[in-house]
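One structure below.
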Amino acid sequence: MEIRPVPYDHPDAVTLDALVQQEYARRYGDDGDITPLAPEMFAPPRGMYLIAYDGDRPVATGGWRLQEDAAEGYAVGDAEIKRMFVVPEARGRGLARRILAALEADARAAGRSRMVLETGIKQPEALELYASCGYALVEKFGLYRTYDDSRCMAKALVTEG
């Protein structure tokens, strides 16, 4: 497996994004994640987008973007995880953990102090992954902060001291 940065509008990113949207629609019965996203949000140093490849086949994805909109509950120094996804046939190989670790390292190097994310109760494997990687539930933020099935999590990227 090779994990490499790509633009958010790369054809493989677009393909995987369509698959993750189908997954959201299947689980939540709606049109998927309606959070407005644009390629420039993931352009360094304000973010990064990764794809894991099995040979030439894209099998996993994830990105982070700078997000400090206080009106939506974010804080100065926040980096937000978006579009974490592994195709079903590649799950269980540790790809999500590898992508998450790479995103955290890049956000830390970019001067971000906290990684945040929003997921939902119908994604128990995501909740378990993030908890096992040191994320804890926090006050809700972002577009889905008023939804009952939304869960927001955060992890410090720098230690106080």
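These numbers come from a predicted model, not from an experiment.
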One should read off an interatomic distance between Ser150 OG and Glu118 CD, to the nearest 0.5 angstrom, of 3.5 Å
Less than 4.5 Å apart, any side-chain heavy atom of Thr35 and any of Tyr144? yes
What do the steps show when you test Met115 against Trp64 for side-chain contact (heavy atoms from CB on, under 4.5 Å), and what is the final call? CA-CA 8 Å; Met115 190 68 88; Trp64 77 267; 4.2 Å; yes
Where does the angle between the aromatic ring planes of Tyr49 and Phe42 fall among parallel (under 30°), tilted (30 to 60°) and perpendicular (over 60°)? perpendicular
Side chain proximity check, Met1 to Arg98, heavy atoms < 4.5 angstrom: yes
Between Glu104 and Lys155, does the salt bridge (charged side-chain N to carboxylate O under 4.0 Å, His left out) criterion hold? Intermediate values first, please. CA-CA 9 Å; Glu104 291 172 355; Lys155 177 182 178 179; 3.2 Å; yes
Do side-chain atoms of Glu2 reach the backbone of Gly55 as a donor and acceptor pair under 3.5 angstrom? no
Measuring only between side-chain heavy atoms, which start at C-beta, is Glu68 closer than 4.5 Å to Arg112? yes
Would you call Arg65 and Ile81 a side-chain contact if the rule is heavy atoms closer than 4.5 Å? no
Pairing donors with acceptors under 3.5 angstrom, does anything connect the side chains of Asp12 and Tyr53? yes
Sequence neighbours excluded, the answer for side-chain hydrogen bond (donor to acceptor under 3.5 Å, both in side chains) partners of Thr146 is none
Of all heavy-atom pairs linking Gly47 and Asp106, the shortest is O-OD2, 4.2 Å
Looking at every non-hydrogen atom in both residues, tell me the closest pair between Ala96 and Leu129 and how far apart they are. CB-CD2, 3.7 Å
Of all heavy-atom pairs between Arg97 and Cys133, which one has the smallest distance, and what is that distance? NH1-SG, 3.1 Å
Nearest 0.5 Å please: distance from the CG atom of Asp69 over to the OH atom of Tyr74. 8.0 Å
Please round to the nearest 0.5 Å and tell me the distance separating atom SG of Cys152 and atom CG of Leu137. 9.0 Å
Could you measure the distance from the CG atom of Leu127 to the CD1 atom of Ile121? Nearest 0.5 Å is fine. 9.0 Å
Shortest non-hydrogen contact from Val59 to Asp54? CG1-CB, 4.0 Å
Validation row: Arg114, Leu157 side chains within 4.5 angstrom (heavy atoms): no
I'd like to check Val116 versus Met153 (side-chain heavy atoms, cut-off strictly below 4.5 Å). Are they in contact? no
Quick one: does Leu19's side chain get under 4.5 Å of Val87's, heavy atoms only? yes
Taking Arg145 for the side chain and Gly142 for the main chain, is one N or O donor matched with an acceptor at less than 3.5 Å? yes
Atom CD of Glu139 with >12 non-hydrogen neighbours under 6.0 angstrom: no
Scanning both residues in full, the closest heavy-atom pair of Leu143 with Glu72 reads N-OE1, 3.8 Å
Can you find a pair of side-chain heavy atoms, one from Lys82 and one from Leu37, that are under 4.5 Å apart? yes
Side-chain donor-acceptor pair present, Ser113, Arg108, cut-off under 3.5 Å: no
Is Lys122 reaching over with its side chain to a backbone N or O of Arg26, donor-acceptor style, under 3.5 angstrom? no
Could you tell me whether the side chains of Gln123 and Tyr130 share a donor-acceptor contact shorter than 3.5 Å? no
Going from CD on Gln21 to CG on Leu16, what distance comes out if it is rounded to the nearest 0.5 angstrom? 12.0 Å
